[in-house]
Amino acid sequence: MGIVTGLRLPVAIDVDTTSSGYVTLVLFMTLIVATSILGKVIYELHFSPLRQIPGPKLAALSDLWLLHKLYRLEKCGTLERCFAQYGPIVRIGPKKIALNSIDTIKPIYGVGTRFVKSTWYETWALSGRQNVFTIIDPKAHANRRRITSQLMSHNNLIKYLPAVNHHIASLVKLIDRKKKLGEQLDFLVLYRYLALDILSSATFGKNFQLLESGQDHPFSNDLDACVAVLPPRGYVPSWMWVVVKHFPSKRWQFLLGGEQRIFDYSQNVVMEQERAPLTDPPTIIRKYLDHREEDGSALPNDIIIGETANLFFAGTDTTSNSLSFITWELASKPHIQKRLFEEVSHLAKDEVPPLEDVQGLQYLNAVLKEGLRKYAAAPSHLERVVPPGGARIDGHYLPAGTVVGVQIYSMHRNANVFVRPEEFLPERWLPENETEDMRRHFMPFGLGSRVCMGQHVAMMEMRLALVALVRHYQLVVPKGFDYSSMEMKDFWLVFPKGHSLKLDVVERSE
Ligand code: HEM
């Protein structure tokens with residue numbers, strides 16, 4: 001067997017390129033890979049500081065376990081089953097822990113906590129421009145949050161109420177039009193139009209007119225593209241993403257391009273707004289443009305673009321999917337719909353009622369809360385990182401850098417707090433039934449210093465839309481409806497398995 005000097009490596013090593021030489025090389029490489037895998041298995045299961053924490057063995061070995069559940073659109077349900085099997089603290093990755101214990105909320109999410117968001121959030125930053133949702137550093141976040149919170153305050157929001165009312169009236173007109181034409185009503189689509197028309201008018205000063213035209217806008221397709229790409233990008237190991245992102249499929253490459261198209265569109269609007277006359281109320285972009293930091297400097301345009309795009313990411317499907325699931329519950333449970341109608345029947349039918357008149361409606365609020373409990377739009381384990389020095393959580397020591405998260409989905413399904421948690425029972429939220437424990441476990445908008453900034457917008461939109469809908473129509477589940485299509489799936493946000501909600505409506509007579 002001759003030794004052939006083949007490939008010349010920087011260090012002078014003679015490589016045997018005969019077939020038996022290749023076999024030896026392959027065996028050698030296999031041995032190295034097998035030894036590393038074995039080493040990893042032994043380390044994660046027997047030596048890792050997290051080895052005592054129960055959970056699926058595969059999860060302890062690789063983040064691919066969690067990724068697989070995400071791709072099967074059943075991460076929340078899987079973690080819920082893990083809690084039932086292993087208890088309130090479960091290891092869901094080599095360095096990841098999911099929690100289902102109310103006592104862990106305050107130390108992890110409470111105001112002033114040292115647990116910061118995980119780097120997963122950064123992947124939501126539009127083309128790398130970090131925004132109030134994605135910024136990790138607490139000081140930088142507090143500064144950015146201050147700017148956006150002025151825009152999202154109740155006093156500022158009511159200035160946009162006439163526009164919201166206009167869009168809700170357009171929703172009713174579109175339903176009437178479609179009904180006359182005998183077209184199917186897909187409430188998932190209709191509510192998405194509503195959310196986008198409201199956001200586009202308030203943010204860009206450009207009504208996308210989806211409800212007027214009954215048609216999609218390229219921006220909404222690009223939002224879909226981002227929602228398909230960004231959450232997994234945060235879970236896939238970076239080396240794998242480099243490969244995945246070059247996958248040669250036209251559809252995939254189109255989805256990847258959504259981020260840049262949203263950036264370009266928003267950039268044009270920012271440039272237009274710089275020159276446009278001031279409106280009353282000013283657009284949200286204009287408010288960002290006019291903002292001055294303490295040192296007198298303006299926000300760079302790309303930061304403004306990132307912030308406004310984030311409002312669309314955070315405020316579109318969250319609100320429209322929540323409304324869809326609630327509408328589904330009303331349609332499929334006529335006794336709940338009837339009780340809600342009785343509460344709102346005194347309100348004028350042909351005009352959207354003043355906000356004050358709907359805010360205090362007890363049954364409406366109970367329906368909304370129950371919808372947000374059962375179908376919390378972002379019900380995931382909200383990832384935070386254990387600070388330097390480590391932390392003791394639920395009796396376990398967790399080293400610095402461990403990623404921990406309380407799963408909202410499971411908090412909302414605690415059977416000791418919410419009796420028959422899988423049932424939609426608005427009555428549980430009526431003042432005579434609601435308990436302090438329920439309030440503590442109810443967290444559809446997140447918690448603490450990172451709590452949702454759009455909750456007042458979302459509540460305003462959902463209240464007014466539901467009142468208008470129930471006031472005008474009786475919602476009916478069509479014959480032959482596939483009930484399984486409404487099974488809840490999750491991919492960071494929740495949505496119905498069938499990706500649609502096609503209902504009939506019967507116009508109310510007076
Ligand atoms: C039913 C509707 C909504 C639900 C259930 C919801 C839920 C949430 C949740 C759970 C978080 C916290 C995420 C975390 O801590 O990891 C969050 C954050 C946020 N949401 Fe919402 N959201 C809704 C609507 C909206 C709307 C309409 C907007 C704006 C137009 C909005 C803007 C934001 C922003 C800016 C943050 C980041 C806050 C921060 O990190 O400081 N959301 N939302």
Side-chain angles (χ1 to χ4, degrees), residues 76 105 108-111 113 115-126 130-138 140-153 156-157 160 164 191-192 194-204 223 231 234 284 288 306-326 368-369 371-385 403-409 411-412 442-463 465-466 490 492-495:
C76 289
I105 297 282
I108 298 177
Y109 301 95
V111 176
T113 175
F115 289 71
V116 294
K117 277 188 170 178
S118 72
T119 50
W120 175 81
Y121 287 90
E122 289 184 332
T123 57
W124 278 95
L126 187 79
Q130 299 301 329
N131 61 61
V132 69
F133 178 66
T134 66
I135 293 174
I136 289 177
D137 176 64
H141 168 258
N143 182 39
R144 197 67 71 75
R145 188 165 168 114
R146 219 169 294 125
I147 306 170
T148 305
S149 60
Q150 290 160 9
L151 308 176
M152 298 288 159
S153 69
N156 195 49
L157 283 179
Y160 298 92
V164 174
Y191 287 143
R192 195 160 198 265
L194 176 68
L196 281 166
D197 277 352
I198 291 176
L199 278 171
S200 60
S201 335
T203 310
F204 292 154
L223 269 186
I284 288 180
Y288 279 123
E307 287 298 340
T308 49
N310 175 53
L311 295 182
F312 282 90
F313 288 150
T316 307
D317 294 323
T318 45
T319 318
S320 60
N321 291 3
S322 303
L323 264 176
S324 300
F325 278 116
I326 294 172
L368 274 169
K369 274 186 165 175
L372 289 170
R373 180 195 69 80
K374 190 172 171 199
Y375 302 104
S380 217
H381 66 291
L382 305 177
E383 290 191 354
R384 302 294 188 263
V385 181
V403 174
V404 293
V406 173
Q407 177 162 268
I408 295 180
Y409 179 97
M411 283 282 131
H412 286 185
F442 182 64
M443 49 193 75
F445 293 109
L447 303 135
S449 57
R450 306 302 298 244
V451 74
C452 176
M453 303 195 73
Q455 54 181 306
H456 301 302
V457 187
M459 290 304 281
M460 171 169 84
E461 183 177 329
M462 292 194 294
R463 277 198 182 99
L466 280 180
D490 66 273
W492 171 243
L493 298 183
V494 298
F495 56 90

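Position 1 is the first residue of the sequence; numbering continues from there. Numbering of ligands and ligand atoms starts at 1, following listing order. Only heavy atoms go into these numbers, but all of them, side chains included; no hydrogens, no water, no symmetry mates.
- Screening residues 307-316 for salt bridge (Lys or Arg N to Asp or Glu O under 4.0 Å), with sequence neighbours left out, gives Arg144-Glu307.
- Near Arg384, meaning under 4.0 Å from any of its heavy atoms, are these atoms of ligand 1: 14 (C), 15 (O), 16 (O).
- Assignment of Tyr121 to the shell around ligand 1 is supported, since a heavy atom sits closer than 4.0 Å.
- In terms of heavy atoms, Gly446 sits closest to Val451 at O-CG2, 3.6 Å.
- Where the criterion is an N or O separation shorter than 3.5 Å, residue side chain and backbone included, Lys117 meets it with respect to ligand 1.
- Between the side chain of Asp490 and the backbone N or O of Cys76 there is at least one donor-acceptor pair closer than 3.5 Å.
- In this structure, Ser118 and Val385 approach most closely via the heavy-atom pair CA-CG2, 3.6 Å.
- Between Arg450 and Val132, the shortest heavy-atom distance links the atoms NH2-O, 2.8 Å.
- Those atoms of ligand 1 that come under 4.0 Å of a heavy atom in Ser322, given as number and element, are 1 (C).
- Near His141, the atoms of ligand 1 lying under 4.0 angstrom from a non-hydrogen atom of the residue are 39 (C), 40 (O), 41 (O).
- Applying the side chain to side chain donor-acceptor pair (under 3.5 Å) test between Tyr288 and each of Thr308, Thr203, Thr148 identifies Thr148 as the sole match.
- Applying the 4.0 Å criterion to heavy atoms of Arg145 picks out, from ligand 1, the atoms 38 (C), 39 (C), 41 (O).
- Here the heavy atom of the protein found nearest to atom 40 (O) of ligand 1 is Arg450 NE, 2.9 Å.
- Per-residue contacts place Asn310 under 4.0 angstrom from the following atoms of ligand 1 (heavy atoms of the residue considered): 35 (C).
- Ligand-side atoms of ligand 1 in range of Val451: 38 (C), range being under 4.0 angstrom from any heavy atom.
- For ligand 1 and Pro444, the ligand atoms under 4.0 Å from any heavy atom of the residue are 5 (C), 7 (C), 10 (C).
- Shortest non-hydrogen contact noted between Thr134 and Glu122 is O-CG, 4.0 Å.
- Residue-and-atom listing of protein N/O/S atoms under 2.8 Å from atom 21 (Fe) of ligand 1, sorted by chain and number: Cys452 SG.
- For Phe115 and Tyr109, the ring centers sit 6.0 Å or farther from each other.
- Under a cutoff of 6.0 Å and an axis angle of 45°, Lys374 and Tyr409 do not form a cation-pi pair.
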Practice task
Take Phe312 and Phe204 through the ring pair (Phe, Tyr, Trp, His ring centres under 6.0 Å) test and state the conclusion after the steps.
Solution key: CA-CA 11 Å; Phe312 282 90; Phe204 292 154; 5.0 Å; yes

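- Using modelled atom types, one finds a donor on one side chain and an acceptor on the other under 3.5 Å when comparing Tyr121 with Arg384.
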